[in-house]
Structure formats: structure tokens, C-alpha cells
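What follows is one structure encoded as C-alpha cells, with my remarks underneath.
Letters A, B, ... are given to chains in the order of the sequence lines, protein chains preceding strands, and every chain is numbered from 1. Model, not experiment: these values are computed from the prediction.
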2 protein chains.
Amino acid sequence: MTTSQHSTREAGATPRPRPGGRSARVRASVHRAVGELLAQAPAESLTIPAVATRAGVHPTTVYRRWPTLAELLADVAASRFSGDIVVPDTGSLRGDLERWATDVAIDLADPDVLALMRAAVGAAGPDGGDACVADRHEQLTAMLERERARGGPDDGSDRGPGGDPATVPSTDEAADALLGPLYYRAVFTARPGEPGWARGLVGRLLAGRG
Amino acid sequence: MTTSQHSTREAGATPRPRPGGRSARVRASVHRAVGELLAQAPAESLTIPAVATRAGVHPTTVYRRWPTLAELLADVAASRFSGDIVVPDTGSLRGDLERWATDVAIDLADPDVLALMRAAVGAAGPDGGDACVADRHEQLTAMLERERARGGPDDGSDRGPGGDPATVPSTDEAADALLGPLYYRAVFTARPGEPGWARGLVGRLLAGRG
DNA sequence: CCGCTAACGCAGTGATTGTTGCGATCAGGG
DNA sequence: CCCTGATCGCAACAATCACTGCGTTAGCGG
């Protein structure tokens, strides 16, 4: 039926996204505004008109791109917490984890980071939490996988509850031992974790292994 | 000057609080309303008029008793997370911790509890976090202190980084090993912790000790 | 049982939020 | 270079929120 359309559009159902210059500029400006406002005012007063004003953008624009504050915060968190920390390569698993845990601890000591994390978790629920730590889990998996490929004894599929020595821990175990304490202290207590303490967590995770 | 007042009031500066029947009833009703609303609607839509309507109370009453939503949430969290879990007494530290960690894990598996925790942390910042875990830290300290008084070898003030066997861990160590993973999984990931996994955390904390 | 006052309900008000329709502008492709 | 349409700014709108006096109710001590 009248397939004499000009372009290759099928039925106009899915509008082609246009991540070009202006859109990217607006996006970046809004993201920065969220971070700045969250850094100086309580999360309760963070509202879309306030963000728009701070970003130099009309509120309607923000309302259209991010339907709710929760989605906006999840987007900002995912963008902020992705690529901010690089996976180190010191040659040994212990060295990698110690360096990485220290970097994470330093990052979590920044009040602005804490404010953004708390707001994302509070408003966006599990999705917000995921946006904050998804990249960390990938980094952890990458380091453990590399160690396993490098000289890892075995993948630790069947070992007793005691934990065989010289076994690369799983991602879950490492997350429990490292991300757990790091993020728990950051979110629930006022005191930030010190670098030396973060290294101690790695030591406790790898105690009696390689 | 004219001390012929009827009562013993000094200068009328500090109004005597009146935690009587009606006030207590209103307080309980508002607390329950917050929990119920948080359980079925996103935290973003939690507003003081909504809470008041749900509680069958006039909004001005809520505005006067809790100046901001953050304080209200912190109050609700502190009330909800205090006294909900009793310190077990099984005779051994390992048994106490396993039982307690299991109870905490079960509590954290409740979606309503998670919603309240996330909202409190997101709105009230560090204070909200403290309101959620202050009681847990006290319970942990109580169990460790009791073990130390019971047959604790020493208070572990000066031991090497390896960790002496047969030493009662400090509150910080126990919080890192238990509360860290428990609350991290609950808040940042969608999957709740299973009881068996919680017991495993205790095993890892006490590995190579008593 | 009576008096005092803290705490609540009520009505009214200004400010802010969230939404919608329309015209202007700029990115991306022919 | 021009054309298409995705994206933005603008203005008006209804809805809701947060706040403030004032009268009334009810807890608490005498």
C-alpha cells in the first residue's frame, strides 16, 4: 500500500534518536546541575525545576527527557559511576585488588559522591543501586577472571566450606568482602573508609589463599 | 520577681512535653501511614499531605511535629529498626551471631523494610543511615562484649595483621564482615540474602579463631 | 472534679510543581 | 545546499504543596 515513501522508514513507529551536539550538551548540563545541587542542598529539595534552572535549560525539556526524578537520578548515577575508576594491572591479584579497593575508598570519601549515591538509592530503589555498583561488579569480575586465566589454580567450583587455599574467590565472595564493607560504611555511617582499612579488607579476603 | 506563680514553672521557656494518649496515637498512626504508603508507592510520591490523609490526621499536625520529610523518615526508621530484633543467647558466640545474622537477613528480605531504609537513607542522609543501623551496632557490641566477659581470651588490643586465633573480633570487624555484606546486598542489589548465606558470613568472620 | 495549656483541627493563602499545545531551532541525511 | 523531523523554548493552566492565625479538644496535675 503506497510504499512510495522517500526514506527507508517503515511505519514511523520508532523515532530515530538524535544524540547530536545540542542534545548531548543539554544532557551534560543537566547531569552537572544535579551533581552541583545535590552537593550543596539536601536531597529533599532537589526538584526538576530547580535542576532545569541551574542547568540553564527550560523545565519542560527536563520533564520530557526524564519522566521522573528517579529516572534522572539513576541516569546521572550510571553516568557518574561508569568509567571513573580504571582496572589496575599490577601483576598480582592482591596488588590489583588493593589498588582498586583504595581507589574505590577514595572515591567514596567524596561527600558529593555520597550525596548522589544516597539520592539515587532513595529515589530509584534497586535500579538506582544497580546504577551505582554495576560497573564495580564488572571490574571485580574482570580482575578475578584475569587472575584465573593468568595462573589461577582452579575455578573453585567444588570446595568445602572452609575454603581451599590458593583459590581465586568468586565475584560474589569478593563483593561481600570488599564492596559490602566499603559501601556500607559510606552509606550508613558518617565515617569514610581510610585507604589502609580498604587494603585490610583485601588481606582478609585473601587470607590463607595464594 | 513575682514568684507567686501557681505551679513550679520557672519562666515558661521550656514547654512540658505531653506524650500522652492522643499524641502517642497520632504518632503511631503517622508512622504506620508512612510504612504503608512507602510499601505501595515509589518514595518520590511520599509527601506530607499524603501521609496525613492516610493517617487520618490533619496535615498541619504532621507539619508541626516533623518539620521536614527527612526528619519524619529518620524518626520512623529509628522507631521501626529498634527493638525489632532481640539479641539471642545460645551459649556460644558463633551460635549467637549465626542466629542474629539470620534474623537480620530475614528482616532485610521484606520489601517494605527495604523501601523504608532506602527512603530514610536517601532523604535524611547520614542521620537516616544511622537511624537504621544504630540498634544493630549496639546488639553486635553486646554479643561480642558478652563473649569477651564469658570466656574471651583477651580483648585483642595488640595482635598482628594476621589475626590471632581464638580472639573475639572487634565491633568494627564484625560490622564489616556481617552488616556490610548484609546491607550492601539489600540496598544495592535486588536479590535478598538467604539465611544460609548469612551463616556463611559468620563462618568467614570466625575462621581460624575459636 | 477543675483548671491549665500542649496538641490538634479548620480555613484561607501564596508559592511551586507538573502538564499541555504551539511555534522556533538545530542535527542529520540526501 | 535544502529538507525532514527530533528536540527545545515559551506561555498558560490546573493541581498540589507548605505555611499561618485562630478556635477547640483533651492530656495531665492539682
Checklist outcome for this item: Testing C:dC26, D:dC17, D:dA11 for proximity to the side chain of A:Arg22, the answer is C:dC26
Checklist entry - Please give, in whole Å, the distance from D:dT7 C1' to A:Tyr63 OH? => result 18 Å
Next on the checklist: Of the listed nucleotides (C:dG18, D:dC8, C:dA27), which one gets closest to any side-chain atom of A:Arg64?
Outcome noted: D:dC8
Checklist outcome for this item: Of the candidates D:dC8, C:dG18, D:dA18, the side chain of A:Thr47 sits closest to C:dG18
Checklist entry - If you round to the nearest 0.5 Å, how far is CD of A:Glu138 from CD of A:Glu145? => result 12.0 Å
Side chains of residues 35-44 of chain A: which donor-acceptor pairs under 3.5 Å do they make with residues two or more places apart or in other chains?
residue: A:Glu36; atom: OE1; partner: A:Arg54; partner atom: NE; Å: 2.7
residue: A:Glu36; atom: OE1; partner: A:Arg54; partner atom: NH2; Å: 2.9
residue: A:Glu44; atom: OE2; partner: B:Leu69; partner atom: N; Å: 2.9

Checklist entry - In a check of side-chain contact (heavy atoms from CB on, under 4.5 Å) between A:Arg136 and each of A:Thr141, A:Val104, A:Leu182, A:Leu178, which one passes? => result A:Val104
Checklist outcome for this item: From the candidates C:dC8, D:dT20, C:dT17, the one with an atom nearest any side-chain atom of B:Thr60 is D:dT20
Next on the checklist: What's the closest nucleotide to the side chain of B:His58 if the choices are C:dA11, D:dC8, C:dA7?
Outcome noted: C:dA11
Checklist entry - Looking across every strand, which nucleic acid part, if any, lies under 4.0 Å from B:Arg27 by heavy atom: base, sugar-phosphate, or nothing? => result nothing
Checklist entry - Taking OP1 and OP2 of D:dG9, is either one under 4.0 Å from a side-chain nitrogen or oxygen of A:Thr61? => result yes
Checklist outcome for this item: Here the distance between atom C1' of C:dT17 and atom CD of B:Glu44, to the nearest Å, is 12 Å
Next on the checklist: Rounded to whole Å, please give me the gap between CG in B:Leu46 and P in D:dA18.
Outcome noted: 10 Å
Checklist entry - Hey, what do you get for CG (B:Leu108) to CE (B:Met117), rounding to the nearest 0.5 Å? => result 5.5 Å
Next on the checklist: Could you tell me how far apart B:Arg25 (CZ) and C:dA6 (P) are, to the nearest whole angstrom?
Outcome noted: 20 Å
Next on the checklist: From CD1 of B:Ile48 over to P of C:dA15, roughly how many Å is that when rounded to an integer?
Outcome noted: 20 Å
Item to check | Any donor-acceptor N/O pair, B:Thr102 side chain to B:Glu98 backbone, under 3.5 Å | outcome: yes
Item to check | Backbone N/O of A:Ser92 and side chain of A:Glu147: donor-acceptor pair under 3.5 Å | outcome: no
Checklist entry - Looking for any heavy atom pair under 4.0 Å, which part of the strands does B:Arg65 touch: base, sugar-phosphate only, or nothing? => result sugar-phosphate
Item to check | Terminal axis angle for the helix from C:dC1-D:dG30 to C:dG30-D:dC1, five pairs an end, nearest 10 degrees | outcome: 50°
Next on the checklist: From the set C:dC8, C:dA27, C:dG18, return the single nucleotide nearest to any side-chain atom of B:Val26.
Outcome noted: C:dC8
Item to check | Electrostatic pair A:Asp172-B:Arg191, nearest N-O below 4.0 angstrom | outcome: yes
